[in-house]
Every structure is written in C-alpha cells, then in structure tokens.
Amino acid sequence: MEPNALDDIVIGPASLERQRAALELVLRDVPLEDRPRVVQQTMLAAAAGERSLDGLLVATRGGQVVGAVWAEMQPGRTAGVWAPQVAGPQAKGIAGALLARLAEELRAHHVQMAQALVAPDAQQSAETFRDAGFEHLTDLLYLVSTTGQFPTAPVARDLTLEPVLPQSEARLAAIIDATYEQTLDCPRLNGVRDCRDVLAGYRATSHDDTSDWFLARRGERDVGCLLLARHDEIETWEVVYMGLALDARGAGLGAELARQAQWQVRRAGGDRLVLAVDTANEPAVKAYAAAGFVTFDRRRVFVRFLDG
Ligand SMILES: CC(C)(COP(=O)(O)OP(=O)(O)OC[C@H]1O[C@@H](n2cnc3c(N)ncnc32)[C@H](O)[C@@H]1OP(=O)(O)O)[C@@H](O)C(=O)NCCC(=O)NCCS
C-alpha cells in the first residue's frame, strides 16, 4: 500500500500554548505591522469570553505548527471561517485535511452553516474551500456612506420608524419573515436557516444591543424593518439588515429606508455607515446608491451546510 503522505501530520484543536502561533499563521493576510496587535487583541477577547477559539485547529509535524485554520463560532449556529494557512510543503493536502477535521469539530458544536469570505483575487483560497465541499453562495459588495451624504433634516416620511421593544419582538420576527418573501438577498439561504438562528445572528452583530432596531410602518401597518448596530471600537455604524414586505416594494421606500438609516446615525452623532449587500440584489443596490452609498470592498461568499 502507498504510504499516506500526511502520515506525520497531527491535526487537532490548538492548545493554549499554540494559540498564538496558530493565530499568527491564520491571520497571515493581516498586514505584517498590524498582525501582532490583532493577534493580541484576539487572544484577549477570547480570554474574556468575547470571541471563541474553540474552532482554532493546528496541523503539527514533529511538534512544530505547520498549518492552522480558524472557524469563529457565532450565535445563530454559524461560524466564520478564515482560510487555512500552511507553511512549507504539502500545503494543499494539509489545508484540505484541516478543513475536513474542522467540519467534524463544527458538527460537534452544532454549527449549521460555515461561511468564508474570500477576496475576489484569492483564487487559491476559493479552490481550497471548493475542494472541501463549500459552495460559492454569492458575492458581496461592502458599501459605505459618510456625513457628506447624510440627510441634514428628517427624511420626508412615507415610513415611520418605531423602536423595537421587548413586547414588539414577535412583530419583528413576523415582519422579518415577510421581508424574506421573494427576496434577492442571498435567496439560497431562504428556508434553509431557522428564523431564530437568523435573529440570533443579527443580535450578535448588534453586540446584543437592540436600541437601534426599528419596525418600519406605513400608516397603521408594519411594512418593514431597519436594524442598525453601532460598533464603538471602530466608530462605525452598520445596517445589519433592512427589508420591506413584498407589497411595499417598488415604490421608492427602499431608498427612503436607507435615508432614514443615515438620518438615525447623524442624530446619534455618527459619521460613517456601512453595510454588505448581495451583488445580485439589484433593487437593494439601487436603493443604497440612490442614498449615496459607494462600494469600498468586495468578497466572495463560500458556505458549507453541516447538518443536511
Ligand atoms: C431591497 C429593498 C429594501 C429595496 O426597496 P424597494 O422599495 O423595492 O426599492 P425601491 O422602490 O426604492 O427601488 C430601488 C430601485 O430598484 C429598482 N427595482 C425595484 N424592484 C426591482 C426588481 N425586482 N428588479 C430590478 N430592479 C428593481 C427600482 O426601479 C429602483 O430603481 P431606480 O431608482 O433606478 O428607479 C426591497 O426590495 C426589499 O426589502 N427586498 C427584500 C429584502 C432585501 O433584499 N433587503 C436588503 C438587504 S441588504
């Protein structure tokens, strides 16, 4: 029988003393001058229970770390996967073995969907994920608008925003569901993910702070929602999600909702609002462009569903 070329490779969760080496490897795309700080911050956040290193795996040969992969587990049964990085020979085989072992680890943690964001020019990472059973879900545009594009007075109102309170959460869940009907926002995910998991994901992105979540109402009816989050550490606001029910679309309300988001941010003293949008979601892209958003980055999204 042919000897297995990876016989001398051991793969497993990164022990405490190997976490730094593993993160330094896996965060190889972070510019060299920023990397030590990012690694240190990540380790401190993990020690404080704010980030999870449970999905940090290393490949070792003769006790030396030669490869690593990290899937950061997130509420809502998802995990964000950083592409495997391998130093030295047999990179392709080791990367594949790391991702195969990672899938077992994620299943054991009841993760339903692993997601990787890959730069458009990172052909090799894309290939590695494909070979490991990930599918190319869609492409994302990252958009930004800053104070110069924000309205300077309250936006003319077809829609009124009502803050989401604990007693209105059932209404929020219902209207989010309604906004998914015939959506062009990653439609492949529709019906695949449980609404509770999706909401848990929105909540986590909002740092468990829902004080900037709104129901959008037209007259006496809920017709949409606008979920904003403030990221203090980077002094940026984010549209975590916005959407309109099917019968409220196509009448310019999407652009109005985007303007209302900017107005909320201005009122709160913020000066930068970002979001990610599916490139194929033409009405959304147009609505954001009408509100003055511009593209600052792009990513390809690869996903793997782990529980059927
Ligand atoms: C995205 C969304 C909020 C946009 O709101 P909307 O009210 O439909 O959009 P608007 O009426 O403001 O129209 C925006 C532009 O898209 C165009 N448009 C509307 N529906 C379209 C469709 N199905 N296909 C292509 N273009 C469309 C409009 O003509 C308009 O273009 P114009 O400014 O050149 O005239 C709404 O479609 C929606 O909630 N969709 C489901 C959830 C979603 O995708 N959320 C976005 C997450 S990032």
Side-chain angles (χ1 to χ4, degrees), residues 4-47 50-74 78-109 111 113-137 139-140 142 276 297-304 306:
N4 182 343
L6 300 180
D7 269 354
D8 56 345
I9 295 290
V10 179
I11 292 179
S15 59
L16 211 51
E17 56 280 9
R18 286 204 169 119
Q19 284 178 354
R20 183 176 299 277
L23 284 173
E24 270 163 9
L25 198 53
V26 96
L27 298 174
R28 201 148 66 170
D29 286 343
V30 175
L32 195 56
E33 63 275 19
D34 297 332
R35 209 176 306 153
R37 181 180 49 81
V38 174
V39 168
Q40 184 65 16
Q41 280 172 350
T42 305
M43 292 186 69
L44 287 174
E50 291 158 9
R51 299 186 75 173
S52 168
L53 296 180
D54 290 347
L56 181 64
L57 304 186
V58 286
T60 57
R61 177 183 276 132
Q64 293 294 315
V65 173
V66 293
V69 67
W70 181 27
E72 186 171 7
M73 295 185 208
Q74 288 149 356
T78 61
V81 184
W82 295 73
Q85 300 287 348
V86 179
Q90 295 173 300
K92 202 169 170 198
I94 296 173
L98 277 164
L99 282 174
R101 177 71 170 77
L102 184 67
E104 287 171 31
E105 201 65 29
L106 293 179
R107 274 198 197 95
H109 282 83
V111 168
M113 184 178 80
Q115 171 178 298
L117 299 173
V118 177
D121 57 354
Q123 295 303 343
Q124 204 179 323
S125 292
E127 209 175 292
T128 305
F129 282 118
R130 273 214 179 90
D131 290 349
F134 281 69
E135 59 179 285
H136 179 207
L137 180 73
D139 296 328
L140 292 180
Y142 290 86
D297 212 350
R298 289 161 191 271
R299 286 288 179 274
R300 305 174 75 195
V301 185
F302 287 85
V303 294
R304 181 166 173 194
L306 293 153

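Worth saying up front: this structure is predicted, and the values here are computed from it rather than measured. For the numbers below, each heavy atom of this structure counts, side chains included, while hydrogens, waters and symmetry mates do not.
Side-chain contact between Val303 and Glu135 is present, with at least one heavy-atom pair separated by less than 4.5 Å. Using a 4.5 Å cut-off on side-chain heavy atoms (C-beta onward), Ser52 and Trp70 make no contact. The shortest side-chain heavy-atom distance between Leu44 and Gln41 does not fall under the 4.5 Å cut-off. Looking only at side-chain heavy atoms (C-beta outward), Gln19 and Val39 stay at 4.5 Å or farther from each other. A 4.5 Å side-chain heavy-atom check between Thr78 and Gln115 finds every atom pair outside the cut-off. At a threshold of 4.5 Å between non-hydrogen side-chain atoms, the residues Leu23 and Leu53 count as touching. Taking the side chain as every heavy atom from C-beta outward, Leu117 and Val301 approach each other to under 4.5 Å. Counting heavy atoms from C-beta on, the side chains of Met43 and Arg51 never come closer than 4.5 Å.
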>> Could you go through Gln90 and Val66, starting from their C-alpha distance and side-chain angles, then the distance that decides it, and tell me whether this counts as side-chain contact (heavy atoms from CB on, under 4.5 Å)?
In response: CA-CA 10 Å; Gln90 295 173 300; Val66 293; over 6 Å; no
> When you look at Arg101 and Val69, which way does the side-chain contact (heavy atoms from CB on, under 4.5 Å) test go after all the steps?
Replying inline: CA-CA 10 Å; Arg101 177 71 170 77; Val69 67; over 6 Å; no
>> Assess the residue pair Asp54 and Glu105 against the criterion (side-chain contact (heavy atoms from CB on, under 4.5 Å)); give the C-alpha distance rounded to whole Å, side-chain angles, the decisive distance to 0.1 Å, and a yes or no.
In response: CA-CA 9 Å; Asp54 290 347; Glu105 201 65 29; over 6 Å; no
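Leu25 and Ala87 get closest at one heavy-atom pair: CD1-CB, 4.3 Å. Residues Gly55 and Leu102 come closest through the heavy atom pair O-CD1, 3.7 Å. Closest approach of Pro84 and Phe129 over heavy atoms only: CD-CZ, 4.1 Å. In plain terms, the two heavy atoms of Ala95 and Val86 that are nearest each other are N-CG2, 3.9 Å. In this structure, Arg304 and Ala132 approach most closely via the heavy-atom pair NH1-O, 3.2 Å. Closest non-hydrogen pair, Ala59 versus Ile9, comes out as CB-CG2, 4.0 Å.
If you take OG1 on Thr42 and CZ on Arg20, they are separated by 10.0 Å, rounding to the nearest 0.5 Å. The structure places OG1 of Thr60 at 9.5 Å from CG of Asp8, a figure rounded to the nearest 0.5 Å. A distance of 7.0 Å separates CD in Glu127 from CD in Gln124, rounded to the nearest 0.5 Å. Rounding to the nearest 0.5 Å gives a distance of 11.5 Å between CZ of Arg299 and CG of Asp139. The line from CD of Glu24 to CD of Gln85 is 13.0 Å long, rounded to the nearest 0.5 Å. Rounding to the nearest 0.5 Å gives a distance of 9.5 Å between CD1 of Ile11 and CD of Glu104.
In terms of modelled atom types and a separation under 3.5 Å, the side chain of Arg35 and the main chain of Val30 share a donor-acceptor contact. The backbone N or O of Val65 lies less than 3.5 Å from no partner atom in the side chain of Arg18, so there is not a single donor-acceptor pair. The backbone N or O of Leu306 lies less than 3.5 Å from a partner atom in the side chain of Arg107, making a donor-acceptor pair.
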